[in-house]
Amino acid sequence: MQYDRTDARILEIVQKNNRLTSEIIGELAGLSATACQRRLKRLRSDGIIESDVSIVSAKAVGRPIQMLVLVSLERERADIIDRFKKAIKSSAEVVNGFYVTGDADFVLYITARTMEDYEQFTRRFFYENPDIKGFKTMVVMDRVKAGFAIPVEVPDEG
């Protein structure tokens, strides 16, 4: 996965606003619209751009309760980890899931309509899963920053 200084500029632009046209992105990056489209296509096919998404307000769509949940598994075995990863991916309530090091095995970002809904989710998702040793819920008081923008390192030209 190689990219150059111009690609880095395109990545910075689309991370701020992926709704811009190829003409505008090209203009900002010093390229023609066609060259910009070619580069965007390559950045996507190479997996450098993983997805084009919109950040939706959980509160605005009726899911105002947001939690970060630390999950510990009974045992760290490949089949147990893989099964839990699959459960995370298939759950609509789990917005983001991370397999981590430290005191917990996973960190999940979960939304719910009400605390009662979250309790029902915990019964289904955690208590009924024999692979879960325990979980700890932290309720989000205020989402201070939401985004997916990653600082893009400009490669050395040489």
Side-chain angles (χ1 to χ4, degrees), residues 1-20 25 29 39-156:
M1 284 194 227
Q2 297 283 339
Y3 66 93
D4 62 17
R5 184 176 299 276
T6 303
D7 291 334
R9 178 71 181 125
I10 291 170
L11 293 170
E12 288 172 347
I13 294 164
V14 297
Q15 284 191 101
K16 289 181 184 137
N17 184 352
N18 72 354
R19 295 182 67 199
L20 297 175
I25 298 168
R39 284 177 179 260
L40 282 167
K41 184 177 180 181
R42 182 181 46 75
L43 291 166
R44 288 182 178 105
S45 67
D46 287 353
I48 294 172
I49 295 176
E50 292 182 14
S51 184
D52 294 291
V53 300
S54 296
I55 298 173
V56 175
S57 165
K59 189 175 184 179
V61 296
R63 299 189 68 80
I65 311 293
Q66 301 170 73
M67 286 82 44
L68 294 174
V69 183
L70 306 176
V71 181
S72 298
L73 300 178
E74 279 294 344
R75 290 170 294 298
E76 280 206 58
R77 266 190 2 223
D79 61 326
I80 292 172
I81 292 166
D82 290 345
R83 232 184 351 258
F84 193 63
K85 285 180 178 180
K86 190 174 181 179
I88 290 169
K89 289 176 183 176
S90 66
S91 172
E93 293 89 349
V94 179
V95 178
N96 285 298
F98 303 93
Y99 179 42
V100 298
T101 62
D103 293 338
D105 297 310
F106 287 86
V107 176
L108 308 180
Y109 168 58
I110 298 173
T111 65
R113 290 186 317 218
T114 64
M115 285 307 287
E116 291 80 19
D117 284 345
Y118 178 62
E119 181 189 4
Q120 291 303 312
F121 170 79
T122 62
R123 289 173 185 262
R124 269 189 340 269
F125 198 77
F126 298 122
Y127 292 127
E128 292 178 6
N129 185 338
D131 296 329
I132 304 291
K133 178 162 62 175
F135 67 97
K136 184 176 187 176
T137 301
M138 296 177 287
V139 176
V140 174
M141 303 287 286
D142 182 24
R143 184 173 79 177
V144 178
K145 181 179 180 181
F148 292 100
I150 296 172
V152 179
E153 298 295 322
V154 178
D156 292 330

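We count residues from 1, following the sequence as given. Everything quoted here is computed from the prediction, not taken from an experiment.
A donor-acceptor pair under 3.5 Å is formed between the side chain of S45 and the backbone N or O of K41. Looking only at distances, no side-chain donor or acceptor of N96 sits under 3.5 Å from a matching main-chain atom of Y109.
We find that R124 and E93 are joined by a salt bridge, their nearest charged nitrogen and carboxylate oxygen being less than 4.0 Å apart. The pair R63-D117 does not count as a salt bridge, with every side-chain nitrogen at least 4.0 angstrom from each carboxylate oxygen.
When the shell of 6.0 Å around CG of N17 is examined, it contains more than 12 heavy atoms from other residues, nucleotides or ligands.
Side-chain contact between V95 and I110: absent, with no pair of heavy atoms (C-beta onward) separated by less than 4.5 Å. Between I80 and E74, every side-chain heavy-atom pair lies at or beyond the 4.5 Å cut-off. At least one side-chain heavy atom of I88 sits under 4.5 Å from a side-chain heavy atom of L108. No side-chain heavy atom of Y118 sits less than 4.5 Å from a side-chain heavy atom of T111. Side-chain contact between Q120 and R123 is present, with heavy atoms from C-beta onward closer than 4.5 Å. With a 4.5 Å cut-off on side-chain heavy atoms, V69 and K136 do not count as touching.
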Tabulate below the donor-acceptor pairs under 3.5 Å that side-chain atoms of residues 138-152 make, not counting sequence neighbours, or state none.
none

### Query
What do the steps show when you test F126 against D131 for side chain to side chain contact (heavy atoms under 4.5 Å, CB included), and what is the final call?
CA-CA 9 Å; F126 298 122; D131 296 329; over 6 Å; no
### Task
Assess whether ring-ring contact (aromatic ring centres under 6.0 Å, His included) is satisfied between Y127 and F135, documenting all intermediate values.
CA-CA 10 Å; Y127 292 127; F135 67 97; 5.5 Å; yes
### Query
Checking side chain to side chain contact (heavy atoms under 4.5 Å, CB included) for the pair I25/L40: CA distance, chi angles, key distance, verdict?
CA-CA 10 Å; I25 298 168; L40 282 167; 4.2 Å; yes
### Task
Decide side chain to side chain contact (heavy atoms under 4.5 Å, CB included) for V71 and I132; before the verdict, give the C-alpha distance in whole Å, the side-chain angles of both, and the deciding distance to 0.1 Å.
CA-CA 7 Å; V71 181; I132 304 291; 3.7 Å; yes
### Message
As a quick check of understanding, evaluate side chain to side chain contact (heavy atoms under 4.5 Å, CB included) for L43 and D7, giving each step before the final call.
### Response
CA-CA 8 Å; L43 291 166; D7 291 334; 4.1 Å; yes
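Of the inter-residue distances, the one linking M67 atom CE with T122 atom OG1 reads 9.0 Å to the nearest 0.5 angstrom. Between R44 atom CZ and S51 atom OG the span is 9.5 Å, to the nearest 0.5 Å. The structure places CG of L68 at 7.5 Å from CG of L70, a figure rounded to the nearest 0.5 Å. Note: K86 NZ to D82 CG = 10.0 Å, rounded to the nearest 0.5 Å. Here E116 contributes atom CD and I65 contributes atom CD1; the two are 9.0 Å apart, rounded to the nearest 0.5 Å. Note that CD of Q2 and CD1 of I48 are 8.0 Å apart. Values are rounded to the nearest 0.5 Å.
Listed by chain and number, the residues in a side-chain hydrogen bond (donor to acceptor under 3.5 Å, both in side chains) with D4 are R39 (sequence neighbours excluded).
Aromatic ring centres of F106 and F98: separated by at least 6.0 Å.
Residue P155 comes nearest to Y3 through the heavy atom pair CG-O, 3.1 Å, listed as atom of the first residue, atom of the second, then distance. Closest approach of V14 to I49, counting heavy atoms only: CG2-CD1, 4.3 Å. Nearest heavy atom pair, residue A29 against residue I10, reads CB-CG1, 3.9 Å.
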